[in-house]
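The chains referred to below are lettered A, B, ... by the order of the sequence lines, with proteins before strands, and numbering in each begins at 1. What's counted below: heavy atoms across the whole structure, side chains too, no hydrogens, waters or symmetry copies. Predicted, not measured: the structure shown is a model, and the values here were computed from it.
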Amino acid sequence: MPELPEAETIVRGLRDTVVGEKIVRVEVLRPDVLRESKRRFAPKVRGRTISSVERRAKNVLLRLDDGATIAVNLGMTGRMLPFKHPPRGASRPGHPAVRFRFASGSVLVFDDTRRFGTVECLDSTEWAVRSARFGPEPLDPSYRAEDLLHALGTSRSPIRSWLLDQKRIAGVGNIYAAEALFLSGIHPLRPANRIGEDEAIALHASVRSVLSEAIEAGGTTIRDYRNAQGGKGEYARQLFVYGRNGEPCLRCGSEIERVVLSNRSAFFCPDCQPGSD
DNA sequence: AGTGTATCCTGCAGGC
DNA sequence: TGCCTGCAGGATACAC
């Protein structure tokens with residue numbers, strides 16, 4: 001669900017409200033979102049002040065004043081919802097999993113309907129190890145087309161699967177993989193190592209433009225995604241292929257196709273993205 | 001090395 | 001109305 005643009009939008013929305021807040025109490029309503037026991041998690045977090053909010057891949061990071069990091073993976077339906085006052089009535093989150101209560105009286109709720117998300121508190125060493133498992137950030141100015149080209153050459157995996165692999169490139173999920181491949185005219189089944197230099201340059205550009213335009217639009221809301229203010233993202237209106245199975249291609253009019261690849265839908269235009277081999 | 005499959009969960013849309 | 005199936009922005013473990 002939330003991919004890089006959604007995580008980035010949440011991070012930007014949280015900064016104003018949550019930086020400088022001191023955590024005085026943690027309520028774990030759904031212990032299964034933690035990767036350790038409540039007993040171990042809570043003391044690491046209680047009494048700490050949030051010094052900054054960042055993003056790595058699809059993760060929201062709350063950096064603490066002792067150097068630790070609360071890493072939130074949003075899974076498919078995770079939300080980060082800050083409230084000035086504890087919410088009541090209809091504005092109350094439907095599936096709160098973890099509540100952080102601050103000294104100011106405000107609250108940050110990690111809400112997750114399906115509970116595929118995770119919340120962890122890692123010290124600086126643990127975080128460094130974790131972060132090293134992710135591939136390069138595609139929007140980092142130092143990430144070049146030649147880096148992508150070289151990395152592609154080491155894998156025979158279908159390019160759609162390659163793009164979803166977080167250790168190869170960070171933050172790309174099913175929506176933006178589909179859109180980037182459409183924009184660069186590459187079939188989702190094409191083996192990564194058979195993508196040529198020109199195509200790699202096009203893919204590099206389309207991955208970056210799709211992600212940055214989606215950030216500008218505040219992310220993509222299909223159903224569940226909400227930003228830190230509870231609002232929807234508007235990028236769904238700009239999707240060319242994702243979820244448009246059976247509808248006409250906006251560029252050539254051919255029917256958008258859906259194939260299942262690694263158990264996940266891949267959407268593409270058979271004419272704009274010809275030949276898998 | 002890479003793929004298919006199953007798993008963790010809940011909710012919604014569509015068919016009957 | 002209800003019941004059933006299939007599907008969903010993710011990530012991981014397993015057998016082949």
Applying a 4.0 Å non-hydrogen cut-off, can you work out what [X] is touching in the nucleic acid: base, sugar-phosphate, or nothing?
X: A:R130; result: nothing
X: A:R223; result: base
X: A:Y176; result: nothing
X: A:T220; result: base
X: A:S265; result: sugar-phosphate

Would you call [X] and [Y] a salt bridge, using N to O less than 4.0 angstrom?
X: A:R25; Y: A:E27; answer: yes
X: A:D165; Y: A:K167; answer: yes
X: A:R35; Y: A:E120; answer: yes

On DNA chain B, check which nucleotide each of A:R115 and A:V260 is closest to and give me the residue with the more 5' one.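 This one resolves to A:V260.
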In terms of the nearest nucleotide of DNA chain B, which residue is placed more toward the 5' end: A:T154 or A:N263?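 By nearest-heavy-atom nucleotide position, the 5'-most residue is A:T154.
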For [X] and [N], give me the distance from atom [atom1] to atom [atom2], rounded to whole Å.
X: A:I222; N: B:dC12; atom1: CD1; atom2: P; result: 16 Å
X: A:N73; N: B:dC9; atom1: CG; atom2: P; result: 16 Å
X: A:N59; N: C:dA11; atom1: CG; atom2: P; result: 7 Å
X: A:N174; N: C:dA8; atom1: CG; atom2: P; result: 8 Å
X: A:L74; N: C:dA11; atom1: CG; atom2: C1'; result: 13 Å
X: A:E6; N: C:dA8; atom1: CD; atom2: P; result: 16 Å
X: A:F116; N: C:dA11; atom1: CZ; atom2: P; result: 12 Å
X: A:L4; N: C:dA11; atom1: CG; atom2: P; result: 11 Å

Out of [options], which has the shortest distance to the side chain of [X]?
X: A:R133; options: C:dT12, C:dA8, B:dT3; value: C:dT12
X: A:R114; options: B:dG2, B:dC9, B:dG11; value: B:dC9
X: A:Q166; options: C:dA11, B:dT3, B:dC9; value: C:dA11

Between [X] and [N], is there a contact of a side-chain N or O with OP1 or OP2 at under 4.0 Å?
X: A:K58; N: C:dA11; result: yes
X: A:S157; N: B:dT3; result: yes
X: A:H95; N: B:dC9; result: no
X: A:R168; N: B:dG2; result: yes

Taking the same atom, [atom1], in [N] and in [M], what whole-Å distance lies between them?
N: C:dC7; M: B:dG4; atom1: P; value: 16 Å
N: C:dC3; M: B:dC9; atom1: P; value: 23 Å
N: C:dG6; M: B:dT5; atom1: P; value: 14 Å

Is it the case that atom [atom1] in [X] sees more than 12 heavy atoms from other parts of the structure closer than 6.0 Å?
X: A:R208; atom1: CZ; answer: yes
X: A:R15; atom1: CZ; answer: yes
X: A:K232; atom1: NZ; answer: no

Would you mind reporting whether A:E137 and A:R55 have side-chain heavy atoms less than 4.5 Å apart?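 A side-chain contact exists here, since the closest heavy-atom pair is under 4.5 Å.
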Using a 3.5 Å limit for the pairing distances, which stems of at least 3 consecutive Watson-Crick or G-U wobble pairs does DNA chain C take part in?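 Stems (3+ consecutive pairs) listed as B:2-8 with C:10-16, B:10-16 with C:2-8.
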A:R144: what forms a side chain to side chain donor-acceptor pair (under 3.5 Å) with it, not counting sequence neighbours?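 Once residues adjacent in sequence are excluded, A:R144 has no partner under the side chain to side chain donor-acceptor pair (under 3.5 Å) criterion.
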Taking the six-membered ring of A:F267 (Phe, Tyr or Trp), confirm whether the NZ or CZ of A:R244 is under 6.0 Å from its centre and within 45° of its axis.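 Negative - A:R244 is either too far from the ring of A:F267 or too far off its axis.
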Can you work out whether A:V172 or A:R258 has the more 5'-proximal nearest nucleotide on DNA chain C?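 It is A:R258, whose closest nucleotide lies nearer the 5' terminus.
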